[in-house]
Amino acid sequence: QTAPLAFGLSVAQIFHPLTTGARLVLVPHDRPLDGATLVELLQYHACTKWVAVPALLAAAVAAGLAECTALKHLVSTASALSTQLQDAVL
């Protein structure tokens, strides 16, 4: 969960995992929201799904997102996903 809690999209990001029996990981407010931190959290918690805006996705790709082997579902939201970023993820 990377969206601010006051943001409308965060409602779906919070309640979907909870209503399906999944675990929800919140990025601590005292941690920087950068690619390295996100990759570290995704790996540590063995996250299988991540919802991110393209800017955070690009930062995570640059920081080693490919090493997050547990990640099976990736959702890009809020703005267009460039072909270049799509190719980098796939």
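Residues take their numbers from the sequence shown, with the count starting at 1.
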**Student:** Which residues satisfy the side chain to side chain donor-acceptor pair (under 3.5 Å) test with Ser82, sequence neighbours excluded?
**Tutor:** none
**Student:** Can you tell if the side chain of Ile14 reaches within under 4.5 Å of the side chain of Leu24, non-hydrogen atoms only?
**Tutor:** yes
**Student:** Do Val75 and Trp50 have side chains that get closer than 4.5 Å, going by heavy atoms?
**Tutor:** no
**Student:** When rounded to the nearest 0.5 angstrom, what distance separates CG in Leu42 from CG in Leu71?
**Tutor:** 6.0 Å
**Student:** Show every salt bridge (Lys or Arg N to Asp or Glu O under 4.0 Å) that has at least one partner inside residues 65-90, sequence neighbours left out.
**Tutor:** none
**Student:** Tell me the salt bridge (Lys or Arg N to Asp or Glu O under 4.0 Å) pairs involving residues 40-57, sequence neighbours left out?
**Tutor:** Arg31-Glu40
**Student:** Less than 4.5 Å apart, side chain to side chain, heavy atoms only: is that true for Val39 and Cys68?
**Tutor:** yes
**Student:** Looking only at heavy atoms, which two atoms of Leu57 and Ala52 are closest? And how far apart?
**Tutor:** N-CB, 4.4 Å
**Student:** Is there a side-chain contact between Leu81 and Val89 in this structure, where contact means two heavy atoms from C-beta onward sitting under 4.5 Å apart?
**Tutor:** no
**Student:** Less than 4.5 Å apart, side chain to side chain, heavy atoms only: is that true for Cys47 and Val25?
**Tutor:** yes
**Student:** When clusters are formed by joining ILVMFWY residues with side-chain heavy atoms under 4.5 Å apart, either directly or through shared neighbours, do Leu38 and Tyr44 land in the same one?
**Tutor:** no
**Student:** Taking all non-hydrogen atoms of both residues into account, name the closest pair between Ala36 and Ala63 and its distance.
**Tutor:** N-CB, 3.5 Å
